Amino acid sequence: MVFYGLLLRRVRYISFTSEDKIANLDDCYVPFLKREEFDDERELRLLGLTTSAIPMDGLVLHCKFNELINEIVVGPKAEEVEIKRLLSEKVPLLQHLPIRRSKLAKQD
(Lines give C-alpha, C1' and ligand atoms only; values in the text may rest on other atoms or scores of the structure.)
Protein backbone atom coordinates (compact mmCIF):
# COMPACT_ATOMS: atom_id res chain seq x y z
CA MET A 1 0.00 0.00 0.00
CA VAL A 2 1.19 3.50 -0.80
CA PHE A 3 -0.14 6.64 0.84
CA TYR A 4 -0.15 9.12 -2.03
CA GLY A 5 -2.07 12.20 -0.99
CA LEU A 6 -4.58 14.17 0.97
CA LEU A 7 -7.84 15.63 -0.26
CA LEU A 8 -8.96 18.73 1.63
CA ARG A 9 -12.39 20.13 0.73
CA ARG A 10 -15.18 22.15 2.20
CA VAL A 11 -18.20 20.23 3.36
CA ARG A 12 -21.31 20.84 1.26
CA TYR A 13 -24.48 21.27 3.29
CA ILE A 14 -27.67 19.98 1.68
CA SER A 15 -31.21 19.09 2.71
CA PHE A 16 -31.07 15.56 1.21
CA THR A 17 -34.40 16.20 -0.53
CA SER A 18 -35.42 16.81 -4.13
CA GLU A 19 -34.93 20.55 -3.42
CA ASP A 20 -31.14 20.15 -3.59
CA LYS A 21 -29.52 21.58 -6.71
CA ILE A 22 -26.55 19.46 -7.76
CA ALA A 23 -24.65 21.24 -10.54
CA ASN A 24 -21.56 19.04 -10.49
CA LEU A 25 -20.96 15.37 -9.64
CA ASP A 26 -18.02 16.43 -7.43
CA ASP A 27 -20.68 17.96 -5.13
CA CYS A 28 -22.02 14.43 -4.45
CA TYR A 29 -18.88 13.04 -2.83
CA VAL A 30 -20.39 11.50 0.34
CA PRO A 31 -17.50 12.13 2.78
CA PHE A 32 -17.97 15.85 2.12
CA LEU A 33 -21.77 16.06 2.50
CA LYS A 34 -23.65 17.03 5.63
CA ARG A 35 -27.21 18.04 6.53
CA GLU A 36 -27.86 21.77 6.09
CA GLU A 37 -28.73 22.13 9.79
CA PHE A 38 -24.97 22.14 10.40
CA ASP A 39 -24.06 24.78 7.82
CA ASP A 40 -22.91 27.24 10.48
CA GLU A 41 -19.92 24.95 11.13
CA ARG A 42 -18.28 25.78 7.78
CA GLU A 43 -16.38 22.53 8.11
CA LEU A 44 -13.38 21.35 6.12
CA ARG A 45 -12.57 17.66 5.93
CA LEU A 46 -9.32 15.93 5.16
CA LEU A 47 -9.29 12.55 3.44
CA GLY A 48 -6.20 10.37 2.99
CA LEU A 49 -5.72 8.58 -0.35
CA THR A 50 -4.02 5.19 -0.69
CA THR A 51 -3.39 2.69 -3.47
CA SER A 52 -5.21 -0.07 -1.54
CA ALA A 53 -7.33 -0.63 1.54
CA ILE A 54 -5.74 0.03 4.90
CA PRO A 55 -6.26 -2.13 7.98
CA MET A 56 -9.32 -1.29 10.08
CA ASP A 57 -7.14 0.15 12.83
CA GLY A 58 -5.97 2.89 10.47
CA LEU A 59 -2.72 4.35 9.27
CA VAL A 60 -0.25 6.36 11.33
CA LEU A 61 1.06 9.58 9.78
CA HIS A 62 4.26 10.60 11.48
CA CYS A 63 4.25 14.34 11.97
CA LYS A 64 4.36 16.92 14.71
CA PHE A 65 0.71 17.86 15.25
CA ASN A 66 1.59 21.21 16.82
CA GLU A 67 3.53 22.18 13.66
CA LEU A 68 0.50 21.60 11.42
CA ILE A 69 -1.76 24.14 13.16
CA ASN A 70 -1.02 27.86 13.44
CA GLU A 71 -4.18 29.11 15.16
CA ILE A 72 -7.41 27.90 16.73
CA VAL A 73 -10.67 29.44 15.55
CA VAL A 74 -13.58 29.04 17.96
CA GLY A 75 -17.26 29.32 17.19
CA PRO A 76 -19.46 32.22 18.30
CA LYS A 77 -20.88 30.27 21.27
CA ALA A 78 -17.53 28.99 22.56
CA GLU A 79 -16.25 30.12 25.92
CA GLU A 80 -12.59 31.10 25.68
CA VAL A 81 -11.87 30.04 29.27
CA GLU A 82 -13.29 26.57 28.54
CA ILE A 83 -11.28 26.30 25.31
CA LYS A 84 -8.07 27.14 27.17
CA ARG A 85 -8.92 24.62 29.91
CA LEU A 86 -9.57 21.87 27.35
CA LEU A 87 -6.35 22.62 25.49
CA SER A 88 -4.39 22.50 28.73
CA GLU A 89 -6.01 19.20 29.75
CA LYS A 90 -6.31 17.37 26.41
CA VAL A 91 -3.74 18.85 24.00
CA PRO A 92 -1.06 20.75 25.92
CA LEU A 93 1.14 21.00 22.81
CA LEU A 94 -1.42 23.43 21.32
CA GLN A 95 -1.69 25.76 24.32
CA HIS A 96 0.71 28.28 22.81
CA LEU A 97 -1.42 28.87 19.70
CA PRO A 98 -3.40 32.08 19.29
CA ILE A 99 -7.15 31.67 19.75
CA ARG A 100 -9.34 33.69 17.41
CA ARG A 101 -13.12 34.04 17.56
CA SER A 102 -14.99 33.07 14.39
CA LYS A 103 -16.53 35.89 12.36
CA LEU A 104 -19.83 33.98 12.30
CA ALA A 105 -22.61 35.88 14.03
CA LYS A 106 -23.71 34.50 17.38
CA GLN A 107 -27.18 32.98 17.02
CA ASP A 108 -29.44 32.01 19.92
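Since the model is a prediction, treat every value here as computed from it, not as a measurement. Worth knowing before you read on, the calculation uses all heavy atoms, side chains too, and leaves out hydrogens, waters and symmetry mates.
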Chemist: Linking directly or through intermediates, with side-chain heavy atoms under 4.5 Å: list the remaining ILVMFWY members grouped with Val81, chain and number order.
Modeler: none
Chemist: Looking at Asp20, Leu33, Asp39, which hits side-chain contact (heavy atoms from CB on, under 4.5 Å) with Arg12?
Modeler: Leu33
Chemist: Minimum heavy-atom separation for Leu47 to Tyr29, with atom names?
Modeler: CD2-OH, 3.5 Å
Chemist: Which atoms form the tightest heavy-atom contact between Ser15 and Thr17, and what is the distance?
Modeler: OG-OG1, 2.8 Å
Chemist: Closest heavy-atom contact between Arg101 and Ala78?
Modeler: NH1-O, 3.0 Å
Chemist: With hydrophobic residues grouped by side-chain heavy-atom distances under 4.5 Å, do Ile72 and Leu86 end up in a single group?
Modeler: no
Chemist: Should Val74 and Ile99 be marked as a side chain to side chain contact (heavy atoms under 4.5 Å, CB included) after you check the CA-CA gap, both sets of side-chain angles, and the distance that decides it?
Modeler: CA-CA 7 Å; Val74 298; Ile99 298 173; 3.9 Å; yes
Chemist: Check Glu43 with Arg10, please: is the shortest side-chain N to carboxylate O separation under 4.0 Å?
Modeler: no
Chemist: Do you reckon Leu87 sits in the same ILVMFWY cluster as Ile69, going by side-chain contacts under 4.5 Å, direct or chained?
Modeler: yes
Chemist: Mind listing the side-chain donor-acceptor pairs of residues 90-97 below 3.5 Å, one per line with the distance, residues two or more places apart or on another chain?
Modeler:
from: Gln95; atom 1: OE1; to: Ser88; atom 2: OG; distance (Å): 3.4
from: Gln95; atom 1: NE2; to: Pro92; atom 2: O; distance (Å): 3.3
from: His96; atom 1: ND1; to: Leu93; atom 2: O; distance (Å): 3.1

Chemist: First locate atom CD of Glu19, then atom CD of Glu36, and finally report the distance between them rounded to the nearest 0.5 Å.
Modeler: 9.5 Å
Chemist: Enter the distance from Leu46:CG to Leu8:CG here, rounded to the nearest 0.5 Å.
Modeler: 5.5 Å
Chemist: Can we say Lys84 and Glu82 salt-bridge, meaning some charged N sits less than 4.0 Å from an Asp/Glu carboxylate O?
Modeler: no
Chemist: Are Arg9 and Phe32 in a cation-pi setup, meaning NZ or CZ lies under 6.0 angstrom from the ring centre and within 45 degrees of the ring axis?
Modeler: yes
Chemist: How far apart are the closest heavy atoms of Tyr13 and Phe38, and which atoms are they?
Modeler: CE2-O, 3.3 Å
